[in-house]
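Data first, discussion second: the structure below is written as structure tokens.
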Amino acid sequence: MSPSHPAPDARADLISYLDFHVEAGVDAALDEAPHDRFGEAEAAAPPREPPPRRAAPPASAPASAPDDASPFRRELPSRDPAPKEPPRTYGNAASAKPGEAADDARARAAQMQTLEELEALLRGFEGCGLRFTAKNLVFADGNPQARVMFVGEAPGADEDRIGKPFMGRSGQLLDRMMAAIGLDRTGAYITNVVPWRPPGNRNPTPQEIAICRPFIERQIELADPELLVCLGAPATQTLTGTKDGILKARGRFYPYILRDGREIKALATLHPAYLLRQPVQKRLAWRDFRMLKAALDGGR
Ligand code: URA
């Protein structure tokens, strides 16, 4: 047996080891040795920004819902199976200090005057390590002139492959939820807090969110919607400043103050991916979407 070919037993062990990782969702090799990213980030963490523009008390309490039966019931098969990705390695930007990258992102985002400019800026931005493991930038889908803007957490495998947000099973459910209140992607603008897929669908780290936050904030300013909908805890916490878990935070409108001082409303609700795992909670999301519909109808 040549040294480059493991013995049959070792080979079987290696294959089952790799299978274990693939099943666990590890589909991108980032480096040869493990890193404690949380330890590194704590050492270099930027001073936490207060959320001056958000974090205010809820503007309204959850609506009572005489009609709780959720219309989002039918589950659809995945549009596309998750693709297998070749391993990639990090570029140098992965070791950039998160505080510096966030400052750089904020300064550059502020200069962008259109959504097209902001997208072009993101295509060239190297301050977030996620861009080196992602296949595509996932900037937005839908109508940037729409009155309502939905913000999710981060792209998954389908979105990464296609380059648009909410394309997989969560996206199909989101489409059905929107359809239940008369919306489709021509009447809504859709994006995420983080525009690159975290490898293996892990959650984005607080540092990655801090780096990407100036971009989503500028995207909101430039799209200038009347209403924001935060899908899930990361979007809700990032955009409203609340520290509450999503089951407590949902069903409320929070004030979101734009840089020019105008206030828009941000509704917190459950993420479609959570609803796919916990279908019984769709009734709560249906309450939230009826609040959204009432706000859209009342704001005319
Ligand atoms: N989940 C998200 O938060 N965003 C997407 O685009 C897809 C799934």
Q. Say you draw a straight line from CG of Leu228 to OH of Tyr254; how long is it, rounded to the nearest 0.5 Å?
A. 13.5 Å
Q) Can you check whether Arg147's main-chain N or O pairs, donor with acceptor, with Glu226's side chain at less than 3.5 Å? A) no
(Q) For a salt bridge (Lys or Arg N to Asp or Glu O under 4.0 Å) check, start with the C-alpha distance between Arg202 and Glu208, then their side-chain angles and the critical distance, and finish with the verdict. (A) CA-CA 12 Å; Arg202 66 163 170 75; Glu208 287 159 353; 2.8 Å; yes
Q) Does some side-chain heavy atom of Asp244 sit less than 4.5 Å from a side-chain heavy atom of Arg252? A) yes
Q | Candidate list Leu231, Thr236, Leu173, Leu174, test side-chain contact (heavy atoms from CB on, under 4.5 Å), partner His271, passing option | A | Leu231
**Q.** Which residues share a salt bridge (Lys or Arg N to Asp or Glu O under 4.0 Å) with Arg277, sequence neighbours left out
**A.** none
Q.
Do Gln172 and Arg176 have side chains that approach each other closer than 4.5 Å (heavy atoms only, starting at C-beta)?
A. no
Q: Give a yes-or-no answer on whether the side chains of Tyr189 and Gln145 include a donor-acceptor pair shorter than 3.5 Å.
A: no
Q | side chain to side chain contact (heavy atoms under 4.5 Å, CB included) assessment of Lys164 paired with Glu159 | A | CA-CA 5 Å; Lys164 288 188 176 171; Glu159 292 76 21; over 6 Å; no
Q | Backbone N/O of Val194 and side chain of Asn192: donor-acceptor pair under 3.5 Å | A | no
(Q) Let me confirm one number: the CZ-CG distance from Arg287 to Leu270, rounded to the nearest 0.5 Å. (A) 10.5 Å
(Q) Please find the pair of heavy atoms, one from Arg161 and one from Asn136, that lie closest to each other, and give the distance. (A) O-ND2, 3.2 Å
Q. Roughly how far, to the nearest 0.5 Å, is CD1 of Ile181 from CG of Leu296?
A. 6.0 Å
Q. Side-chain contact, heavy-atom cut-off 4.5 Å: Arg250 with Leu284?
A. yes
Q) Given side chains that start at C-beta, do those of Gln237 and Ile246 come closer than 4.5 Å, heavy atoms only? A) no
Q. Which atom pair, heavy atoms only, marks the closest approach of Arg259 to Arg218?
A. NH2-NH1, 3.0 Å
Q) How close do Pro204 and Ile209 get, heavy atom to heavy atom, and via which atoms? A) CB-CG1, 4.0 Å
Q.
Walk me through whether Met167 and Asp141 qualify under side chain to side chain contact (heavy atoms under 4.5 Å, CB included).
A. CA-CA 10 Å; Met167 288 284 119; Asp141 195 23; 3.6 Å; yes
**Q.** Check: Glu263/Tyr256 side-chain N/O donor and acceptor closer than 3.5 Å
**A.** no
Q | Closest non-hydrogen atom pair between Leu267 and Asp288, with its separation | A | CD2-O, 3.4 Å
Q: Kindly say whether Leu130 contributes a backbone atom to a donor-acceptor pair with the side chain of Thr133 at under 3.5 angstrom?
A: yes
Q. Between atom OG of Ser170 and atom CE of Met177, what is the distance when rounded to the nearest 0.5 Å?
A. 10.0 Å
Q | Shortest non-hydrogen separation from Gln219 to Thr191 and the atoms involved | A | NE2-OG1, 3.3 Å
Q) What distance separates Leu121 CG from Phe139 CZ, expressed to the nearest 0.5 Å? A) 9.5 Å
Q | Hydrophobic cluster identity match, Val138 and Ile162, side-chain contacts under 4.5 Å | A | no
Q | Close side-chain approach of Pro155 to Pro165, heavy-atom, < 4.5 Å | A | no
(Q) With side-chain contact (heavy atoms from CB on, under 4.5 Å) as the test, pick out the partner of Met178 among Leu292, Val229, Ile190. (A) Ile190
Q.
Using 0.5 Å steps for rounding, measure from the CZ atom of Arg197 to the CG atom of Asp158.
A. 9.0 Å
Q) Between Phe215 and Phe125, how do the two ring planes meet: parallel, tilted or perpendicular, split at 30° and 60°? A) perpendicular
**Q.** Side chain to side chain, Glu217 and Arg106, heavy atoms closer than 4.5 Å
**A.** yes
Q) With side chains defined as the heavy atoms from C-beta onward, is the minimum distance between Cys230 and Leu239 less than 4.5 Å? A) yes
Q.
Between Leu183 and Phe289, is there a side-chain heavy-atom distance shorter than 4.5 Å?
A. no
Q: Step by step, work out the side chain to side chain contact (heavy atoms under 4.5 Å, CB included) result for Asp224 and Leu258.
A: CA-CA 9 Å; Asp224 198 17; Leu258 299 160; 4.1 Å; yes
Q.
Walk me through whether Asp160 and Trp196 qualify under side chain to side chain contact (heavy atoms under 4.5 Å, CB included).
A. CA-CA 7 Å; Asp160 185 39; Trp196 295 282; over 6 Å; no
Q | Shortest non-hydrogen separation from Ala285 to Leu275 and the atoms involved | A | CB-CD1, 3.6 Å
